[in-house]
**Student:** 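Structure in structure tokens, see below.
Every number for a ligand or one of its atoms is a count from 1 in the order of the listing.
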Amino acid sequence: MLVLAAAFTAARAADDIPQLRTKGTTQQLIVDGAPFLIRGGELGNSTASDLKYLQQFWPLFGQLGLNTILAPASWELIEPVEGQFDFRSIDGLLEQARAHKTRVVLLWFGAWKNSMSSYVPAWVKRDQARFPRSQLPDGRGMEILSPFAAANREADARAFAALMAHLLAVDARRRTVIMVQVENEIGMIPHARDYSPAANELIAGEVPTALMSYLAGHGRKLASPRGTWEQVFGRGAATEEIFMAWHFATYVEAVAKAGKRVYPLPMFVNAALVRPGRQPGEYPSAGPLPHLIDVWRAGAPSIDFLAPDIYFPNFVEWARAYSVPGNPLFVPETGRAPDATPANGFYAIGELDAIGFSPFAIESYKADDALGDAYDVLRQITPLVLEHQGDDSMIGVRPPVSFDGVVDDTPQSFRLGDYTLHVAFKGTSTEPTPQRKVEAHGGLIIRLGADEYLVAGKGLIVTFSTEGAIAGIESIWEGRFVDGRWVPGRLLNGDESHQGRHLRIPEGKFGIQRVRLYRYQ
Ligand code: DGJ
């Protein structure tokens with residue numbers, strides 16, 4: 001314990017523990033004392049359970065330009081026998097990540113993984129009397145540990161605290177692990193709530209004062225200032241979902257708090273999202289979803305933010321729902337939609353100041369996937385992006401896509417400084433046969449100075465206007481940042497800019513252009 005305390009003091013003294021820090025209207029992740037932008041990729045669930053198997057993917061991760069991998073820390077692997085910890089799976093992972101200069105976000109697969117409890121150790125699975133499960137209305141147990149059992153919570157919190165103590169001991173000086181996700185996609189299904197006796201008793205009782213005062217203090221209008229769940233929130237599955245969300249959140253709070261007490265890395269929870277029209281019970285209910293954000297915040301104050309796993313095409317809508325004051329956006333998982341994924345990343349980071357982005361099953365990507373191209377550009381512009389997050393000098397652009405996959409390619413206009421920027425997504429091809437995948441188009445735009453903008457992305461045409469004058473294009477240069485220094489390439493004043501009428505980044509490849517404007521009458 002003394003050794004741990006010393007490691008902790010050393011890390012703290014250097015102010016080097018990864019942490020979140022407010023910058024203007026947003027929060028940034030600080031690693032080694034400086035803002036850090038995650039170019040992530042989440043491993044498939046089982047990849048890191050075999051370290052030899054994982055080894056083969058590092059060249060690919062390098063080619064894709066990842067600076068961070070998201071990888072599970074599995075309860076059953078670290079505590080195969082109660083009270084006996086084995087951290088070889090974690091140490092091996094950190095060793096590989098360090099050898100490839102890559103950071104790690106650990107995902108605590110404790111009591112819950114996609115609603116289920118498949119990652120709990122055998123000694124928990126096999127002892128239903130000691131570690132109660134959620135129950136169906138007919139009393140049968142489910143493969144979902146009950147959040148109402150102190151034994152479940154305490155065993156989970158003990159294992160998580162042991163993991164954090166181990167990280168403190170082996171990683172506080174190296175800081176390979178920069179954040180931790182607590183549990184994974186918590187949710188109740190196929191009913192909105194647990195029907196165990198403990199749950200039945202609690203749902204008949206009063207709503208805890210802590211939840212009531214939080215909601216009242218955050219402007220929520222309630223039917224009654226106190227009373228049972230039904231009296232306060234009404235009757236039905238939506239109320240059952242709120243009830244479960246509170247109990248999941250307070251359980252997670254106990255786990256996160258036990259871990260933070262030892263080593264206070266930033267911690268978050270992630271959510272499986274809801275298909276349109278589904279009712280609580282028909283989707284993994286009560287997780288950290290946008291309509292439950294207040295309940296989760298009230299119940300789990302040790303959790304720094306709630307994060308969406310965005311597999312649906314309407315990325316923009318979901319990302320916006322999580323980008324709310326006090327909740328920095330981080331997308332720990334997103335689907336393998338080769339066309340839309342990189343543009344979504346640019347949008348999240350440029351428009352919503354996301355601290356990072358991370359497609360799922362990253363080992364299934366190909367080295368020449370557009371993601372590598374996008375991450376290469378993102379890597380080059382990272383210092384500028386971090387400098388401009390949190391104020392109004394940067395925007396992200398992409399055509400929004402509906403849940404059904406319909407792309408709205410209507411041009412968009414933005415006021416950025418003294419100019420209005422009109423962004424179109426169609427007609428950007430330089431190829432004889434255009435790809436016509438407008439959902440792949442997108443990027444971000446930074447106002448560098450009074451008359452200067454940087455545009456990074458692909459499939460974009462930008463024109464400019466200003467009040468009281470005509471906005472002219474003085475010059476457009478494409479280029480790259482090498483070690484943070486701008487190295488101009490071609491000067492684009494001919495066909496590439498329609499003879500100075502607009503800025504265009506063709507749809508084939510992510511690129512960077514800098515434009516200087518001037519005014520005339
Ligand atoms: C979301 C989960 O969080 C992941 O662990 C994985 O199961 C993916 N779904 C699979 O699509």
Side-chain angles (χ1 to χ4, degrees), residues 38 40-50 53-54 57 66 68-78 89-90 93 104-120 142-145 156 160 163 179-190 245 248-249 252 255-256 267-275 278 282-290 292 296 303 305-315 318-319 321-322 329-341 344-345 348 354 356-365 369 371 403 405:
I38 295 180
E42 180 164 326
L43 301 181
N45 295 156
S46 307
T47 301
S49 64
D50 177 353
Y53 181 80
L54 171 63
F57 297 111
L66 308 187
T68 306
I69 59 162
L70 280 68
S74 147
W75 186 4
E76 66 181 334
L77 284 181
I78 71 157
S89 58
I90 304 298
L93 172 71
V104 174
V105 172
L106 273 186
L107 316 172
W108 173 238
F109 285 9
W112 298 294
K113 154 74 174 75
N114 299 29
S115 302
M116 305 294 282
S117 296
S118 51
Y119 281 80
V120 306
M142 301 163 76
E143 199 72 82
I144 301 180
L145 284 188
D156 193 349
F160 185 65
L163 170 68
M179 294 203 290
V180 181
Q181 178 188 291
V182 186
E183 314 291 348
N184 189 81
E185 289 197 353
I186 286 174
M188 272 312 282
I189 194 162
F248 276 133
V252 163
V255 175
M267 292 186 189
F268 65 97
V269 284
N270 65 330
L273 305 179
V274 187
R275 281 172 193 280
R278 296 278 167 97
E282 297 170 352
Y283 57 85
S285 310
L289 286 158
L292 299 169
W296 270 87
I303 290 296
F305 59 89
L306 279 46
D309 292 345
I310 313 182
Y311 287 87
F312 297 141
N314 51 339
F315 183 95
W318 283 109
Y322 279 85
L329 178 64
F330 176 57
V331 183
E333 291 182 45
T334 184
R336 179 147 170 56
D339 294 328
T341 297
N344 286 338
F357 181 77
S358 165
F360 181 72
I362 197 67
E363 66 276 39
S364 70
Y365 278 63
D369 269 326
L371 183 69
F403 178 81

**Student:** Once rounded to the nearest 0.5 Å, what's the spacing between atom CD1 of Ile38 and atom CD1 of Ile69?
**Tutor:** 12.0 Å

**Student:** Under 4.5 Å between any side-chain heavy atoms of Met142 and Pro190, yes or no?
**Tutor:** yes

**Student:** Using 0.5 Å steps for rounding, measure from the CD atom of Glu185 to the NZ atom of Lys113.
**Tutor:** 7.0 Å

**Student:** Mind checking the CH2-CH2 spacing from Trp75 to Trp108? Nearest 0.5 Å is all I need.
**Tutor:** 6.5 Å

**Student:** Measure from NZ or CZ of Arg275 to the centre of the six-membered ring of Phe312 and say whether it is under 6.0 Å with the direction within 45° of the ring axis.
**Tutor:** no

**Student:** Counting only heavy atoms and a distance below 4.0 Å, can you name the residues contacting ligand 1?
**Tutor:** Asn45, Lys113, Asn114, Asn184, Glu185, Asp309, Tyr311, Glu333, Phe360

**Student:** Of Phe305, Trp296, Tyr322, which is the lone residue that meets ring-ring contact (aromatic ring centres under 6.0 Å, His included) with Phe268?
**Tutor:** Phe305

